[in-house]
Asks: 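Got a structure for you, written out below as structure tokens; questions coming shortly.
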Amino acid sequence: MMTNKELANIFKEISFFLEIEEVPFKPYAYRRAAMALEGLSESVESIYQQGGSRSIQDVPGIGKHIAQKIEEYLETGAIKYYQDLKKKHPFQIRELTAVEGLGPKMAETLYKKLNIKSLVDLEKKARQHKIADLPYFGQQTEKNILEGIAFLKKSQQRFLLAEVLPVVRLIQKQLLSLKEVKKIAIAGSIRRMKETIGDVDFLVVSENPEKTMNAFCSLFDIIKVWAKGPTKASVRLKQGFDVDLRVVPKQSYGAALQYFTGSKEHNIHLRKIAITKGYKLNEYGLFKKSKIIAGQKEKEIYQALDMFFPPPEIREDRGEIEAALRQYKKEKNGLPRLIELKDIRGDLHNHSTWNGGKNTIKEMAFEAKNIGYHYIGISDHTKFLRIENGLDEKKLSQQAKEIDKLNKEFKKSKDNFIILHGCEANILKDGSLDIKDNALKQLDYVIAGVHSQLNMDKEAMTERIIRAMKNPYVHIISHPTGRLLKQRNPYPLDIDKIIRVARETKTVLEINASPVRLDLNDINIKKAIENKVKLSINSDAHQKNQLSYIQYGVAQARRGWAGEKDIINTLSVKALLKLIKSKK
Ligand code: DGT
Ligand code: CA
Ligand code: CA
């Protein structure tokens, strides 16, 4: 799969170079091919070995010319076209354009005027205030660049939950298969299902710690062993992140799990509670003087402190300790009953082959049905995103016919399943939509989101979204703050005001479950539900296997204290449509 990634990177670079040279259309084709390669579950090498260049062309998103380039790469290890472009633009284009707000053309100018080739050069010249002096750049741009570099550095040290979790689950399974391993737990930020992960924390109870350590340090794709002792080992995996393994005594397993699950803030607060009750709390147990009160089971620790058990996802010291104490005393406002994956009955934000998605409506529907959903909403992009083949009024009504036909088949075979017809309209700069209300009226529901001109000031952006929420045909606002984890900060937004108007206008806010978005985030989810705003957890799937992203959205919802009743896609179709129609 390394080849897929290498080729994807090359094609991304080509698309940037062609943008610099103002070549029309082609940059998009290369970008699309890069995305196709990244999403491919098979390696291009094996596709090519099995079916030659023809079979590469069959990969959606890859045309004839690009297939030839792939073939050239597989045969010769290089692509001449790319090398020529690279010679003309000999700077680290991907590295530089990773800085938010720095596009390929700016990178070219910075190279030509200041000989900036890398991120290191860029930071140096910015600090020397050389960039501010360039025409069309100025002080503000220079400041933005420095902020962008800082953001990049910080975020590159963390990993997306979705890139870490599958690997970690595999490691867990492998370690559990060792017969001396009695217990194993994933602790730390992964257990709390935080959106990004610093490092992985495993806890193990083992009858033979040394053997377990040896197995751990040799089992996986380890590229470096940082430390290896009798009770603790620390390694780096080839995926780039570090994994710690601690062997803990059986009688301290619960205390260690509590401690290493964190968060640090939660632990500090909990330790204070322990002290006020005359105890001492650490990773070995809860003690009265030197006598151990609890330690083997995590639940017993909370119990001994007169608390209900707070789910790991909410252990951030955002009120969960107080709520757990209240619940123990049978007072009001105890711990929330959090939403679970099994409560989800359908997914409302999905794309199909009608505009850049990889699977047909039918394929998406069958996948949803197999998951056990009662409904799937198809919400392709409307007009404005022409680059993604946004649908116009006419195409939307053609799409409605296809959906009707499929629904008739579901009905005939007595499947308890239905496809809902929606769209994801674009909120334009002034807050109007890129498609007529008359077309929206025909749909089961409408999602609207911001996809362009993100660099507005706070007030203007807030007003822009508010105007969309005031449109009686808009039911859901997708990815409300526009952030992309590790890539882009949220745009400035008065989220309190957005939440207030969402409530007033009965507009639902999305928890976009795509692992790079998770937008709304945990804190904003909590705010929204405290203000009685309804939310929808949506996978934003562009291909059928991405429907599984919903798990990350549910995790984020749990981190935001959301319960089943806060989330509209836990409703039956009937109740859902009724709720949607209640907005007028
Ligand atoms: P990460 O790795 O940055 O995504 O976040 P965590 O929460 O996994 O943090 P990590 O790996 O540094 O430590 C694991 C847990 O150990 C953390 O959640 C709480 C506990 N812990 C670490 N340092 C301290 C500390 O200084 N005080 C207390 N009370 N607990 C700590
Ligand atoms: Ca950690
Ligand atoms: Ca750690």
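Both ligands and their constituent atoms are indexed starting at 1 by order of listing.
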Asks: Counting from 1, what ligand 1 atoms have a heavy atom of R271 closer than 4.0 Å?
Replies: 29 (N)
Asks: Going through the distances and angles, do T212 and E180 end up as a side-chain hydrogen bond (donor to acceptor under 3.5 Å, both in side chains)?
Replies: CA-CA 7 Å; T212 309; E180 76 273 12; 3.2 Å; yes
Asks: Take N359 and Q543 through the side-chain hydrogen bond (donor to acceptor under 3.5 Å, both in side chains) test and state the conclusion after the steps.
Replies: CA-CA 5 Å; N359 290 102; Q543 56 189 73; 5.9 Å; no
Asks: Which ligand 1 atoms, with their elements, are less than 4.0 angstrom from a heavy-atom of G188?
Replies: 8 (O)
Asks: Given E195, which of R483, R517, R559 fulfils the side-chain hydrogen bond (donor to acceptor under 3.5 Å, both in side chains) condition?
Replies: R483
Asks: Does a side-chain heavy-atom distance below 4.5 Å link I339 with D566?
Replies: no
Asks: Do N267 and Q258 have side-chain atoms, one donor and one acceptor, less than 3.5 Å apart?
Replies: yes
Asks: I need the nearest protein heavy-atom contact for atom 18 (O) of ligand 1: residue, atom name and distance, please.
Replies: G262 CA, 3.2 Å
Asks: Do protein heavy atoms approach atom 9 (O) of ligand 1 to less than 4.0 Å?
Replies: no
Asks: Could you tell me, atom by atom, which parts of ligand 1 come under 4.0 Å of a heavy atom of R192?
Replies: 7 (O), 18 (O)
Asks: Counting C-beta onward and ignoring hydrogens, is there a side-chain heavy-atom pair between L110 and L102 closer than 4.5 Å?
Replies: yes
Asks: Which residue and atom name correspond to the protein heavy atom nearest atom 6 (P) of ligand 1, and how close is it?
Replies: S189 N, 3.7 Å
Asks: Quick check on R158 - does any of its heavy atoms sit under 4.0 Å from an atom of ligand 1?
Replies: yes
Asks: So among R158, K486, E163, which one has a side-chain hydrogen bond (donor to acceptor under 3.5 Å, both in side chains) with T196?
Replies: R158
Asks: For ligand 1, which atoms sit closer than 4.0 Å to a heavy atom of T261?
Replies: 18 (O)
Asks: Side chains of D540 and S514: any donor to acceptor distance under 3.5 Å?
Replies: no
Asks: Looking at atom 2 (O) of ligand 1, tell me if a protein heavy atom falls under 4.0 Å from it.
Replies: yes
Asks: Thinking salt bridges, do R318 and E530 make one under a 4.0 Å N-O criterion?
Replies: no
Asks: Run the numbers for me: atoms of ligand 1, each under 4.0 Å from some heavy atom of I197, listed by number.
Replies: 4 (O)
Asks: Return the residue, atom name and 0.1 Å-rounded distance of the protein heavy atom closest to atom 11 (O) of ligand 1.
Replies: D199 OD1, 2.9 Å
Asks: Would you say that I321 contacts I273 through its side chain, given a criterion of any heavy-atom pair below 4.5 Å between the two side chains?
Replies: yes
Asks: Can you name the atoms of ligand 1, numbered from 1 with element, that are less than 4.0 Å from a heavy atom of G198?
Replies: 1 (P), 2 (O), 3 (O), 4 (O)
Asks: Closer than 3.0 Å to the Ca ion (ligand 2), do we get an N, O or S atom from D199, backbone or side chain?
Replies: yes
Asks: What do you reckon, does K194 put a non-hydrogen atom under 4.0 Å from ligand 1?
Replies: no
Asks: Within a distance under 4.0 Å of any heavy atom of F260, pick out the atoms of ligand 1 and give their elements.
Replies: 14 (C), 15 (C), 16 (O)
Asks: For N/O/S atoms only: which one belongs to D201 and is nearest the Ca ion (ligand 3)?
Replies: OD1
Asks: Identify the protein heavy atom lying closest to atom 26 (O) of ligand 1, giving its residue, its atom name and the separation to 0.1 Å.
Replies: K264 CE, 3.4 Å
Asks: Counting the benzene-type ring for Trp, do H349 and H542 have ring centres under 6.0 Å apart?
Replies: no
Asks: Does this structure show an ion pair linking D522 with R558, if we count only N-O contacts that are shorter than 4.0 Å?
Replies: no
Asks: Which residue and atom name correspond to the protein heavy atom nearest atom 28 (C) of ligand 1, and how close is it?
Replies: Y259 OH, 3.6 Å
Asks: Checking only N/O/S atoms, does D242 have one that is under 3.0 Å from the Ca ion (ligand 3)?
Replies: no
